[in-house]
Amino acid sequence: MSYTLTTPLYYVNDRAHLGSTYTTLACDAIARHRRLRGERVTFITGCDEHGQKIQRTAEAAGLSPQAHCDAVSEGYRELWSRWQISHDRFIRTTDPRHRELVEQFFARVEAAGDVLEGRQQGWYCVACEEFKDDPHEAQDPECSVHRRPLEWRDEVNLFFRLSRYQGQIEDLIRRPGFIAPASRRREVENFVAQGLRDFSISRVDLPWGIPVPGHPGHTFYVWFDALLGYLTALVDPDGPVDLEQVLKRGWPAQLHVIGKDILRFHAVYWPAMLLSAGLPLPERVFGHGFLTREGQKMGKSLGNVLDPVVLLERCGRDAVRWYLLRDIPFGDDGDFQQQRFTDLVNNDLANTIGNLLNRTSSMARKWYDAAVPPAGDAALADHPLAVASLEAAEAVNGALEALDFRAAAEAVLQLAGAANGYLNDRAPWKAMKQPGQEAAVAADLYAVLEASRWLAVLLAPLLPELSGRMLQQLGLEPFASGGPTDAPAGAWPDAQRWGLLRSGSPLPEPEPVMQRLELDSAL
RNA sequence: GGCUCGGUAGCUCAGCUGGUUAGAGCGUGGGAUUCAUAACCCCAAGGUCGGGAGUUCAAGUCUCCCCCGAGCCA
């Protein structure tokens, strides 16, 4: 089984922000889950680097466009590395290989008769890189999105014959699961129902772009070139560029994760382009929501931008991943609230899960020679915690399959709650003071340690690092989920069996696996 | 202005095709406990389900209008 998923190719107009970090973290969790299940994953991310907006941003900074792109895309690379994102490919649309692929793709589209020449006249927003439908006679119109003046353009452009694919696109978006979450589908359906219009795929007098072969003076419209980055990413990094090759390297993608604002491009334009070029279509496009902060939009003008680097340094990867994945329904908009962030991280991770392992391991070490106690009856499959563990595993696997991180996290917490409750009911610290209770206490502690092992197993896709620390605390090896080479196929599913923790195996001295957050000042 | 999605306890959200006293977690208050990261466990208070009208024996759940938020298209 092979699974290809993508983040958007981030536009290098500005540095990475919390939104792109959120998207990328979510994709990372999906990629890790698939790898743990033994699938061959190709996780693609990268940068979209062409367009007039980039050119002007670079000029404003006194840099060449290339230097600007190099700097910003390097910033992304570095950020993903700090977050330990497990992407397999990082594609830049300024990569010379990308240009070759775009040329090959365009040749197919042109051969299919889908490239038309047309005159485009109207008001243009450089920030959107789009023509607006404002009337010709409008006086100093501005872009409703960017509140910046529009520029008058009158040029001959190349158009992609989108109208030809009306029927096929209608069929596609009707397909259950193609547009996710399902609540986003109708919006696209209505858009398509209005009738698809050919859209322009080239610009004239725009040096910072890929030249259109056979059409001097034209460069490709950024979106046309950017979407193709998903294909370039799959081309063999060392061999010659061959479009046909992507079919053997993971295309079609199983999943494009994007922000809800660019759903139309991915669910309508992109599939039509692929149809024209005779390539198969992606299986699913998931449009997630946006993040606000303390109820307000984040923005430079408000000065409330949350820098992912600061967040990482002050709080750590596990905490941020947990908060974003566990508290924000994937697909909906979410609000980053510092108080809630600290509350959830401390409660769930430090207290409920971390402390459970800590208290149990400490008792086991104290009374059973610093080792996993004899299991006794606790090894049986009908032990209450065995049942609870199995249920949690089913819930986690199902939820992750459905991209419902929140439900997965809740299932983990439920198991942790059950284990804490069990411990309190059985009160081994009391029983231990009675004579003849050693075997019963041993079984209870074994059961809770084993349940803790399950917690670590189930957390592996969501919080690989915490999972690893927990396993080490139990004297076990962490799961590798970060790359194609280091995942022994089946190790993770195999770990989902009750009673694998071996009695008598040594337990290291307990150390808190999760530090509580103490955030006195604002981030 | 049009389309789409959302507006349920202080906070984040569940509530399937309308039907007993509207649920969970966090936060708050109280109790119990000491194995543990002032952790864990138990209990409680808190909501006229954005507003208004309507359909129905019965509406958070259906219809219409309005208000607020988000995205898309104008």
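By convention in this document, chain letters (A, B, ...) are assigned in the order of the sequence lines, proteins followed by strands, and residues within each chain are numbered from 1. These numbers come from a predicted model, not from an experiment. Computation of the quantities below employed the complete heavy-atom set of this structure, encompassing side-chain atoms and omitting hydrogens, waters and symmetry-equivalent molecules.
- Between the P atoms of U48(B) and C11(B), the separation comes to 13 Å (whole Å).
- Remark: the separation of the C1' atoms in A24(B) and A44(B) is 16 Å, to the nearest Å.
- One C1' atom belongs to G46(B), the other to U28(B), and the distance between them is 9 Å to the nearest Å.
- If you check every strand for non-hydrogen atoms under 4.0 Å, Val188(A) touches nothing.
- A distance below 6.0 Å separates the ring centres of Tyr230(A) and His266(A).
- As rounded to the nearest Å, U55(B) and C62(B) have C1' atoms that lie 8 Å from one another.
- At the heavy-atom level, Pro428(A) lies nowhere under 4.0 Å from the strands shown.
- Its glycosidic angle being more than 90° from 0, G31(B) falls on the anti side.
- Arg197(A) comes within 4.0 angstrom of sugar-phosphate atoms only, judged by non-hydrogen atoms across all strands, and of no base.
- Distance noted for atom C1' between C42(B) and C5(B): 40 Å (whole Å).
- A distance of about 38 Å separates the P atoms of G27(B) and U63(B), rounded to the whole Å.
- Rounded to whole angstrom, the span from the CG atom of Asn190(A) across to the C1' atom of G71(B) amounts to 14 Å.
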**Request:** Quick one: the dot-bracket string of RNA chain B, using Watson-Crick and G-U wobble pairs with both distances under 3.5 Å, [ ] for crossing pairs and | for bases paired to another strand.
**Result:** (((((((..((((.....[...)))).((((.........)))).....(((((..]....)))))))))))).
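- A distance-only check finds a donor-acceptor pair linking the side chain of Tyr323(A) to the backbone of Gln337(A) [under 3.5 Å].
- For the pair Arg326(A) and Phe405(A), the cation does not sit on the ring face, since its NZ or CZ is not both under 6.0 Å from the ring centre and inside 45° of the axis.
- One finds a side-chain N or O of Arg516(A) lying less than 4.0 angstrom from the OP1 or OP2 phosphate oxygen of A39(B).
- Taken residue by residue, residues 330-367 of chain A places heavy atoms nearer than 4.0 Å to RNA chain B at Asp333(A), Gln337(A), Arg340(A), Asp343(A), Asn347(A), Ala350(A), Asn351(A), Gly354(A), Asn355(A), Asn358(A), Arg359(A), Ser362(A), Met363(A), Lys366(A).
- If you check the side chains of Gln166(A) and Glu170(A), you find a donor sitting under 3.5 Å from an acceptor.
- Among the heavy atoms of the strands lying under 4.0 Å from Met514(A) is at least one base atom, whether or not backbone atoms are also near.
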